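Everything below concerns the one structure shown next.
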Amino acid sequence: MKRSCTPLLPAVCLLCFTHCPIVLNQATAAPPEERQAVSSQSVPAQSVKQQAATIRQQKPKATPQQEKQIRALIEQLVFDESIDPKDKKALEKERDLCYDAYSKLFKYKELAFPVLVEHLDDERPSVYFRNHYLEHAVGDACYWNMLTQLEDRPDDYSRYGYSRIGRDGKSHPKPYWTSNAFAEAGGLKKWLIANQSLSFTEQQIKCLKWMLAAEKKIGAADAESYFVNILPLEIQILKRRQQLGHDVQSELKRLQQIKAQKLVNQIPVELLPEKKE
């Protein structure tokens, strides 16, 4: 997908850092009833698969009113290039409108995906939602919006920067800079089609598992690296599984305790550098 990359303005991008403010707030933007974890004690083990099947069969769809609102927000992503470059206030106001629309799209979660997919090739100008070296069309904004929601990275995962040191002592690009879970399917659109039978939460888990596998392949240079780059993903996966009614409470509690108390002796040895004789 080729797009013009002519700079619009020296904007402060929202996703230059590993986690942007919008991403950090997406949990609070979602309706509380949709994010409430299902107690593992209240769901019989035998009904977990049935519950997951019910969730998939009843995948929510946007109402006509919601779709209208979603489409309006996508139109709001369009940056007005006719604004006088010298009018700083007008430029800032226009940027804020784009950022506000991007943020509000999160609350619709998968309800917005069909319309966002429609606009993946939308060449109209927007603002930078990744960094100043990538493209910034409306289609790019739609892509990053869906990717960010599906990857579901926890707030305490990773640190700013392109690379990190692995268990081999060498520098490795962080997984999310060089690829993503959608690459093997040929892109986000094809991945969504291939995984349309999964619920939104199941799709998030699949993306998280891809990220976790990539991070484990790199390994950890030390204990702190494990606590930052691997353990948060393991905990996030269990939290999402808990939402689906899986009996993971004891394992989740164990991992949270390891993280809170920095229990180095509980780190899998295969993820750390080999001990020198």
Side-chain angles (χ1 to χ4, degrees), residues 13-37 55-56 59-62 66-67 69-71 73-74 76-77 98-120 122 126-131 134 138-158 175-177 179-183 185 187-212 214 232-233 235-244:
C13 76
L14 292 185
L15 290 178
C16 279
F17 296 95
T18 302
H19 309 287
C20 77
I22 287 177
V23 178
L24 298 184
N25 290 330
Q26 65 178 294
T28 56
E33 66 273 15
E34 293 184 14
R35 297 191 63 86
Q36 185 176 358
I55 291 173
R56 288 193 291 269
K59 290 187 74 170
K61 294 182 180 180
Q66 286 174 323
E67 183 175 335
Q69 294 168 345
I70 291 166
R71 291 188 182 280
L73 288 171
I74 291 176
Q76 192 178 318
L77 288 171
C98 292
Y99 292 150
D100 182 61
Y102 186 90
S103 178
K104 287 179 178 177
L105 282 167
F106 275 102
K107 76 176 183 179
Y108 292 100
K109 300 170 69 174
E110 75 269 41
L111 295 180
F113 279 21
V115 185
L116 289 170
V117 168
E118 282 181 26
H119 286 268
L120 283 176
D122 193 330
S126 187
V127 292
Y128 298 92
F129 287 99
R130 183 59 174 175
N131 64 40
L134 297 178
V138 169
D140 297 307
C142 294
Y143 172 82
W144 291 117
N145 192 283
M146 288 186 285
L147 178 143
T148 303
Q149 292 192 68
L150 289 168
E151 287 193 339
D152 191 33
R153 301 183 211 167
D155 300 348
D156 55 351
Y157 162 65
S158 193
Y176 49 81
W177 283 117
S179 188
N180 53 53
F182 318 122
L188 175 58
K189 189 184 295 186
K190 291 182 179 180
W191 187 92
L192 287 170
I193 293 173
N195 293 278
Q196 60 186 331
S197 63
L198 301 180
S199 69
F200 180 69
T201 303
E202 288 172 325
Q203 290 176 341
Q204 288 181 314
I205 291 172
K206 187 165 186 175
C207 290
L208 283 163
K209 284 184 174 180
W210 178 91
M211 192 80 70
L212 177 60
L233 294 174
I235 291 174
Q236 188 79 339
I237 289 171
L238 291 179
K239 285 181 177 179
R240 294 295 169 255
R241 288 185 59 196
Q242 187 180 51
Q243 285 184 323
L244 295 175

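Please read all numbers here as calculations on a predicted model, not as lab measurements. Along the sequence shown, residues carry numbers from 1.
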Should Met146 and Lys189 be marked as a side-chain contact (heavy atoms from CB on, under 4.5 Å) after you check the CA-CA gap, both sets of side-chain angles, and the distance that decides it?
CA-CA 10 Å; Met146 288 186 285; Lys189 189 184 295 186; over 6 Å; no
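- Gln203 is linked by a side-chain hydrogen bond (donor to acceptor under 3.5 Å, both in side chains) to nothing, counting only residues two or more places apart in sequence or in another chain.
- For Trp210, there are no ring pair (Phe, Tyr, Trp, His ring centres under 6.0 Å) partners at least two apart in sequence or on another chain.
- Between Glu67 and Ala62, the closest heavy-atom pair is N-CB, 4.1 Å.
- In this structure, CG in Leu120 is found 8.5 Å from CG in Leu192, a value given to the nearest 0.5 Å.
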Would Ile235 and Asp156 count as a side-chain contact (heavy atoms from CB on, under 4.5 Å) if you check the C-alpha gap in whole Å, the side-chain angles of each, and the deciding distance to 0.1 Å?
CA-CA 11 Å; Ile235 291 174; Asp156 55 351; 5.9 Å; no
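- Atom CD of Gln236 and atom CG of Asp152 lie 4.5 Å apart (nearest 0.5 Å).
- Judged by distance alone, the side chain of Tyr102 and the main-chain N or O of Asn145 form a donor-acceptor pair under 3.5 Å.
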Decide yes or no on side-chain contact (heavy atoms from CB on, under 4.5 Å) for Phe182 and Leu150, but give the supporting numbers first.
CA-CA 10 Å; Phe182 318 122; Leu150 289 168; 3.9 Å; yes
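- Between Glu110 and Gln204, the closest side-chain pair of non-hydrogen atoms is not below 4.5 Å.
- The pair Lys206-Glu202 does not meet the salt-bridge criterion, since no charged nitrogen lies less than 4.0 angstrom from a carboxylate oxygen.
- The shortest non-hydrogen separation linking Pro175 to Met211 is CB-SD, 4.1 Å.
- With a 4.5 Å cut-off on side-chain heavy atoms, Tyr108 and Val115 do not count as touching.
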Under the side-chain contact (heavy atoms from CB on, under 4.5 Å) rule, what do Leu77 and Leu105 come out as? Steps first, then yes or no, please.
CA-CA 10 Å; Leu77 288 171; Leu105 282 167; 4.1 Å; yes
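- If you take SG on Cys142 and CD1 on Ile74, they are separated by 4.5 Å, rounding to the nearest 0.5 Å.
- The side-chain hydrogen bond (donor to acceptor under 3.5 Å, both in side chains) search around Glu151 returns Arg153, not counting sequence neighbours.
- Put simply, OG1 on Thr201 and CD on Gln243 are 5.0 Å apart, with the number rounded to the nearest 0.5 Å.
- Atoms CH2 and OG, on Trp144 and Ser126 in that order, are 13.5 Å from each other to the nearest 0.5 Å.
- Side-chain atoms of Asn180 come within 3.5 Å of backbone atoms of Ala183 as a donor-acceptor pair (strictly under, hydrogens ignored).
- Scanning both residues, Lys109 and Gln149, for their nearest heavy atoms gives CA-OE1, 3.1 Å.
- Interatomic distance, Leu238 CG to Leu233 CG, rounded to the nearest 0.5 Å: 11.0 Å.
- Qualifying side-chain hydrogen bond (donor to acceptor under 3.5 Å, both in side chains) partners for Lys190, counting only residues two or more places apart in sequence or in other chains: none.
- Residues forming a side chain to side chain contact (heavy atoms under 4.5 Å, CB included) with Ala185 (at least two apart in sequence, or on another chain): Trp191.
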